[in-house]
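Position 1 is the first residue of the sequence, and the numbers go up from there. Values below: every heavy atom of this structure, side chains too, minus hydrogens, waters and symmetry copies.
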Amino acid sequence: MLALERKQRIIARLRQDRKVYVAELSRELEVTEETIRRDLKEMEKQGIAIRSHGGALLNSAAQIRPFTERETINHELKAKIALCVQDFIEDGMVVMVDASTTTKMVIEQIENSKHLTIITNSYTLIDELSDRSNLRFIATGGECYGKYKAYVGSDALRTIQRYNADLAILSCHSLSLDCGYTESNILEGDVKFAMSRRSARTIEVADHTKFNRRSLANVLDFTDVDVLASDRRPETAWVDFFRQRKLTLVYPQDQAEDNATGEPN
């Protein structure tokens with residue numbers, strides 16, 4: 001069993017039972033107790049678990065909120081990001097979009113004059129916007145992941161791999177300078193990775209609360225992404241990081257100059 005798969009199973013058990021025991025996980029996953037302790041220590045650093053004697057408890061703040069609940073969180077921040085992205089979307093494009101509340105807001109704000117083909121694993125996006133005459137939707141299909149309102153799994157990945165897109169608009173659970181763009185769920189992470197690989201350009205959308213954090217699975221490196229759009233200017237370390245690597249960072253302030261030069265101000 002791969003380490004990533006083992007950690008995913010531990011997280012699944014945490015979310016189901018709200019607590020886990022080192023000895024039980026060691027027997028079930030056929031690894032040493034020391035390996036389990038290291039896994040739990042890493043999960044505690046990521047904010048997923050709180051270690052206790054002989055095991056760990058679920059950190060309630062790390063639970064995945066239902067899609068409908070997440071739509072109400074940081075709504076104004078997501079609206080700012082959605083506006084930053086609009087200039088990158090051109091009439092006639094084929095766009096791959098993941099199943100996040102921020103990318104949904106990006107699509108909601110697209111002008112009626114722009115006609116797009118949208119390939120997505122979000123059944124909420126299709127359900128709510130498929131009546132717009134300027135938007136043509138292609139659903140990935142696949143296994144339904146209820147909390148994300150998303151299609152995931154091998155069937156979804158096979159559909160994505162059949163198409164070529166001009167642009168991928170993706171979100172992330174968190175991002176850090178040492179790990180890049182990361183996700184808490186490997187199945188959703190696989191979909192995002194596949195969408196990026198099948199698109200000519202990739203835009204990541206992330207509000208400032210996601211910066212300087214790490215989640216379970218590494219999904220994309222910074223060099224895999226053409227544009228990072230956020231709701232405000234990040235701290236200086238991030239601005240310098242992007243400038244030195246000639247990566248594009250956009251946010252509401254000085255947006256026009258950022259788009260033109262690829263260098264944040």
Side-chain angles (χ1 to χ4, degrees), residues 3-4 42 45-47 74 77-90 93-103 105-107 109 119 160-161 164-186 188-265:
L4 189 59
E42 181 177 344
K45 288 181 179 179
Q46 295 169 345
N74 294 334
L77 308 184
K78 296 171 185 177
K80 291 180 180 180
I81 296 170
L83 286 174
C84 287
V85 176
Q86 297 304 312
D87 287 343
F88 295 95
I89 303 172
E90 300 176 4
M93 274 187 164
V94 176
V95 184
M96 292 199 179
V97 182
D98 68 9
S100 81
T101 57
T102 307
T103 56
M105 190 171 293
V106 171
I107 303 304
Q109 293 190 13
I119 302 167
I160 293 167
Q161 290 161 3
N164 298 306
D166 300 297
L167 186 67
I169 304 175
L170 309 174
S171 65
C172 63
H173 190 260
S174 57
L175 63 160
S176 65
L177 291 175
D178 57 337
C179 292
Y181 302 96
T182 58
E183 278 298 320
S184 60
N185 183 277
I186 189 61
E188 182 68 6
D190 286 344
V191 168
K192 296 170 191 284
F193 179 84
M195 286 182 167
S196 178
R197 286 295 182 268
R198 301 305 302 175
S199 301
R201 301 188 76 196
T202 297
I203 296 177
E204 279 278 353
V205 293
D207 68 64
H208 71 275
T209 66
K210 297 182 177 182
F211 283 65
N212 300 315
R213 292 170 49 201
R214 294 188 303 166
S215 299
L216 177 66
N218 295 333
V219 177
L220 293 171
D221 293 329
F222 287 108
T223 52
D224 295 323
V225 174
D226 298 282
V227 178
L228 170 60
S230 191
D231 62 292
R232 71 186 193 190
R233 187 182 193 273
E235 60 191 53
T236 302
W238 282 88
V239 174
D240 291 344
F241 181 90
F242 271 69
R243 179 180 290 116
Q244 290 165 7
R245 289 159 180 78
K246 294 181 168 45
L247 301 174
T248 301
L249 173 65
V250 297
Y251 43 86
Q253 298 84 2
D254 300 325
Q255 182 184 343
E257 185 173 353
D258 289 344
N259 289 349
T261 65
E263 295 185 3
N265 290 276

For the residue pair [X] and [Y], establish whether any side-chain heavy-atom pair is separated by less than 4.5 Å.
{"X": "Ile160", "Y": "Met96", "value": "yes"}
{"X": "Ser174", "Y": "Tyr181", "value": "no"}
{"X": "Val250", "Y": "Val227", "value": "yes"}
{"X": "Val219", "Y": "Thr182", "value": "no"}
{"X": "Val95", "Y": "Ile119", "value": "no"}
{"X": "Gln86", "Y": "Val106", "value": "yes"}
{"X": "Ile169", "Y": "Val85", "value": "yes"}

Does Arg213 form a side chain to side chain contact (heavy atoms under 4.5 Å, CB included) with Leu175? I'd like the steps, not just the answer. CA-CA 6 Å; Arg213 292 170 49 201; Leu175 63 160; over 6 Å; no

Give a yes or no answer on whether the side chain of Asp224 reaches the backbone of Asp221 with a donor-acceptor pair at less than 3.5 Å. yes

Could you tell me whether the side chain of Glu183 and the main chain of Ala217 form a donor-acceptor pair under 3.5 Å? no

Minimum heavy-atom distance [X]-[Y], with the two atoms named:
{"X": "Ala200", "Y": "Asp226", "result": "O-OD2, 4.2 Å"}
{"X": "Glu235", "Y": "Asn212", "result": "OE1-ND2, 3.3 Å"}
{"X": "Thr103", "Y": "Leu170", "result": "CG2-C, 3.9 Å"}
{"X": "Cys179", "Y": "Arg214", "result": "SG-CD, 3.1 Å"}
{"X": "Phe241", "Y": "Leu177", "result": "CG-CD2, 3.6 Å"}
{"X": "Lys210", "Y": "Cys172", "result": "NZ-O, 2.9 Å"}

Scan residues 93-103 for pairs that pass salt bridge (Lys or Arg N to Asp or Glu O under 4.0 Å), counting only residues two or more places apart or in two chains. Asp98-Lys192

Apply the test side chain to side chain contact (heavy atoms under 4.5 Å, CB included) to residues His208 and Leu77: give CA-CA distance (whole Å), side-chain angles for both, the deciding distance (0.1 Å), then the verdict. CA-CA 8 Å; His208 71 275; Leu77 308 184; 3.6 Å; yes

Measure the [atom1]-[atom2] distance between [X] and [Y] for me, rounded to the nearest 0.5 Å.
{"X": "Asn185", "Y": "Leu216", "atom1": "CG", "atom2": "CG", "value": "8.5 Å"}
{"X": "Leu228", "Y": "Glu204", "atom1": "CG", "atom2": "CD", "value": "7.5 Å"}
{"X": "Tyr251", "Y": "Arg232", "atom1": "OH", "atom2": "CZ", "value": "12.5 Å"}
{"X": "Phe88", "Y": "Met93", "atom1": "CZ", "atom2": "CE", "value": "10.0 Å"}

Could you check whether Arg245 makes a cation-pi contact with Phe242, meaning its NZ or CZ is under 6.0 Å from the centre of the six-membered ring and within 45° of the ring axis? no

Any side-chain donor paired with an acceptor under 3.5 Å for Ser196 and Ser199? no

For the residue pair Asp178 and Ser176, confirm or rule out a side-chain donor-acceptor distance under 3.5 Å. yes

From CA spacing to verdict: side chain to side chain contact (heavy atoms under 4.5 Å, CB included), Ile203, Leu167: CA-CA 7 Å; Ile203 296 177; Leu167 186 67; 3.9 Å; yes

List in chain and number order the residues that pass salt bridge (charged side-chain N to carboxylate O under 4.0 Å, His left out) with Arg201, two or more places apart in sequence or in another chain; answer none if no residue qualifies. none

Establish, yes or no, whether a centroid distance under 6.0 Å links the rings of Trp238 and Phe222. yes

Evaluate the salt bridge (Lys or Arg N to Asp or Glu O under 4.0 Å) criterion for residues Lys80 and Asp207: first the C-alpha distance (whole Å), next the side-chain angles of each, then the deciding distance (0.1 Å), finally the verdict. CA-CA 9 Å; Lys80 291 180 180 180; Asp207 68 64; over 6 Å; no

The side-chain hydrogen bond (donor to acceptor under 3.5 Å, both in side chains) partners of Glu188 (sequence neighbours excluded) come to Asn121

Checking Asp231 against Lys78 for the side chain to side chain contact (heavy atoms under 4.5 Å, CB included) test, could you report, in this order, the C-alpha distance in whole Å, the side-chain angles of both residues, the deciding distance, and whether it holds? CA-CA 7 Å; Asp231 62 292; Lys78 296 171 185 177; over 6 Å; no

